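As structure tokens, the structure follows; a few thoughts come after it.
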Amino acid sequence: MGTALIYDEEMTKYKLLWVDPACKIEVPERLTASHEALVRNGLADRCVSLPVREAVDAEILLVHSEEYLEAVKQTPHMTLEDLKEFTLQYGDVYFHPNIYHCAKLAVGSALQLVDGVMMGKVKNGMALVRPPGHHSMRSAANGFCVFNNVAIAARYAKQKYGVKRILIVDWDIHHGQGVQYCFEDDPSVLYFSWHRYEHQKFWPHLRDSDYDIVGKGDGAGFNINVPWNKVGMENSDYLSVFCHILLPVAYEFCPDLVLVCAGFDSAIGDPEGKMCATPEIFAHLTHLLMNLAGGKLCAVLEGGYNLTSLGQSVCQTVQSLLGDPLPPLTDLSGPCRSALESLQSVRAAHRQHWSCLKHAVDLPTSEISTKRVKLSGEEAKEQAEEEQSGTEEKIWAEPLKRVSPPVCSAVVLPDDVVCPDACERLGSAEELNPHSLILKKDFLKDDDPLTAFSRVFSLIERMKKNEIRNGLALVGDVTMAMTCVVQHVAAEDNSRILLVCVGNGNIPSHIKEDGKTLVVQISCENTVEQESKYYVPVCLKKSCTDSSGFLQSVFSVLLPLGYQYNPRLVLLVRTPGSEVCDGAWLQLTGLLQSFAQGHTLVLLQEDDKACVDPTAAVLLGNPAPPLGQLQASPTEDAEAVERIRSRLKDDWKLLMTAAPENG
Ligand SMILES: NCCCNCCCCCS
Ligand SMILES: [Zn+2]
């Protein structure tokens, strides 16, 4: 199934008709720049183009009041003076004779995308729309928004498809208060938003945007606000929030559909956000959400006001939706103090609502209240200062090309094992099949190990040359294979291997010290080994059959380590006796493709042959199946994970979730 792209140039046909400094950045070129970037990078052609349509009244009324809709209906016939007058009743938004038409198309685009995904016409998709939606409220336009595209799409999905749980991720740099107000008492819609806040000093200056606003009544816990109290946030800050807040909660929630308020004013170069995260970050944020809800993900454009970073960020997002290898994220130096304070505050505010956060430590008493009383004149003065200050031009490198190798997955199997789904029989070596390359090898015969492993080594060599993206081998002795592979690869001087070992089995000690291999072993036996910077044993009491403990350790330990280490190869090994349930194993296989441009080699013991097909399916780019709502993990497991993080956080800063006590 493909990736949908919804765009129509009709939505470029409205603009600001008078002088208003607050609105001048919302220009039609935002849409053309986004679409042209996709076309220029050959991405538009790879998508399934779905037509736009106008939303009908009943759909708009899922969120907005009749009086508001009636009022907006009058705008096409208004004079310029009437439009100005009409606009005055709202904040930071403008009207135009054609904006009602465009607003209906924007909603209709989001609904077309939901239809395409929910009816299985496409796997996922992106709608390029204007006007944006996440600030508009039941009876008010606001922040360039007229109708709340994503909020309507959520209500529409529930009504038409009976979707039970919807996750809305709002990575725009502004708080989508319109979405928050729509679902704040609704436990079936989990709204997550990060936003520039600066202690309420930044637009829209709402007390309701702070971290302690968690939802009301039955909706308590289903509204997550992450305020950024400083500008200049980087990739590390965004990844920390995904690893330590959003992903654990999202997997516990287990949505049936993921909607993204895809605003790109949170990228470097944007005049509104003034953040420093690079366009590549959206490739990773998108990928990290793609194994939720069976891959059903609808991204709808919100903000983004620097046409260069907007175009690049849109391309990064769509390329991930298409399943292309992820770009490397370099120099992840760890979250800044302000981000850690926000992270800690949000986790503390939600620990009572989410079992995955139950063990989040309380706010230190010394915590300065992050809420400041707003003095009247202060706001205008700061606003004025801000207008002047943000003049320095940011520069950043254009994202590298993300090239898919000719072969996606290669598998090395004994003769008696059937080829995995979607893999075809290998012709002669030259005919590399676009899906997979089968190196049929019989490990059950008494080949001496080295010849047997030579097939695996050739697989690795081809990965290095980017002829193959990832691979899987079913071997007679998985621990031996692991050792040989590590030795073979570590022989290279600039190798960096992330070895993820699931299950018991002792890792040869020389592997743990060479610094060229970072070993994370998730098992159920108490390894007596003292861990070092490069050997991280995660012991889970209920062994790996407990998905929640397993996944929590993946999110809060393995992913941060992997991002910081930035390996060139990922070796994923499942040792005998690890009854890790397949669901968690497949999620892990999917999530690990964040690293090394997807160069993952999976090693399985031959009696694990039942794992081959489902693992190959995920390696080929299919979403890992949902796990169901996760229960609380055993306390001792959660505490074990916390202990690991606190012990290793000085070496690996992405493990941090709280600002250090000292100054
Ligand atoms: N400096 C201009 C102030 C603009 N304030 C409204 C921003 C709305 C963004 C929608 S994503
Ligand atoms: Zn925005």
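Counting convention: from 1, in listed order, for ligands and their atoms alike. Quick caveat, the model's predicted, so the values are computed rather than measured.
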ask   = Can you tell me if E184 and N223 form a side-chain donor-acceptor pair at under 3.5 Å?
value = no
task = Just let me know how D265 lines up against ligand 1, side chain, backbone, both or neither, with a heavy-atom cut-off below 4.0 Å.
result = side chain
task = Just do the salt bridge (charged side-chain N to carboxylate O under 4.0 Å, His left out) check on D265 and R196 with the steps written out, would you?
result = CA-CA 10 Å; D265 40 19; R196 185 178 167 186; over 6 Å; no
ask   = Is ligand 1 less than 4.0 angstrom away from at least one heavy atom of H135?
value = yes
ask   = What do you reckon, is CG of L88 surrounded by more than 12 foreign heavy atoms closer than 6.0 Å?
value = yes
request  = Have a look at H174 and tell me which of Y197, W203, F264 forms a ring pair (Phe, Tyr, Trp, His ring centres under 6.0 Å) with it.
outcome  = W203
message = Heavy-atom pairs closer than 4.0 Å: do any link ligand 1 to the side chain of H174, the backbone, both, or neither?
response = side chain
task = Could you check if a side-chain atom of Y181 sits within less than 4.5 angstrom of a side-chain atom of D208, using non-hydrogen atoms only?
result = yes
inquiry  = If you measure every N or O of H134 against every N or O of ligand 1, does any of those distances drop under 3.5 Å?
reply    = no
message = Taking the ring centre of each residue, are W228 and Y238 less than 6.0 Å apart?
response = yes
query = Has D265 got an N, O or S atom lying less than 2.8 Å from the Zn ion (ligand 2)?
reply = yes
Heavy-atom proximity to atom 6 (C) of ligand 1, best of D92, I173, V93, N142 = D92
message = Nearest non-hydrogen contact with atom 11 (S) of ligand 1 belongs to which option: Y305, F144, F202?
response = Y305
request  = Specify whether an N/O/S atom of D172 falls short of 2.8 Å from the Zn ion (ligand 2).
outcome  = yes
query = By atom name, which N, O or S atom belonging to H174 lies closest to the Zn ion (ligand 2)?
reply = ND1
task = Confirm or rule out an N/O/S atom of H134, from backbone or side chain, lying less than 2.8 Å from the Zn ion (ligand 2).
result = no
query = Looking at ligand 1, does any of its N/O atoms fall within less than 3.5 Å of an N/O of E272?
reply = yes
note = In ligand 1, the atoms that come under 4.0 Å of a heavy atom of G303 are 11 (S)
ask   = Any side-chain donor paired with an acceptor under 3.5 Å for S188 and D186?
value = yes
ask   = Heavy-atom contact under 4.0 Å between A22 and ligand 1?
value = yes
task = Report the residue from F282, Y563, F555, W194 that forms a ring pair (Phe, Tyr, Trp, His ring centres under 6.0 Å) with F242.
result = W194
remark   = The atoms of ligand 1 lying under 4.0 Å from a heavy atom of D172, numbered in the order shown, are 11 (S)
query = Would one find more than 12 heavy atoms of other residues, nucleotides or ligands at under 6.0 Å from atom CD of Q74?
reply = yes
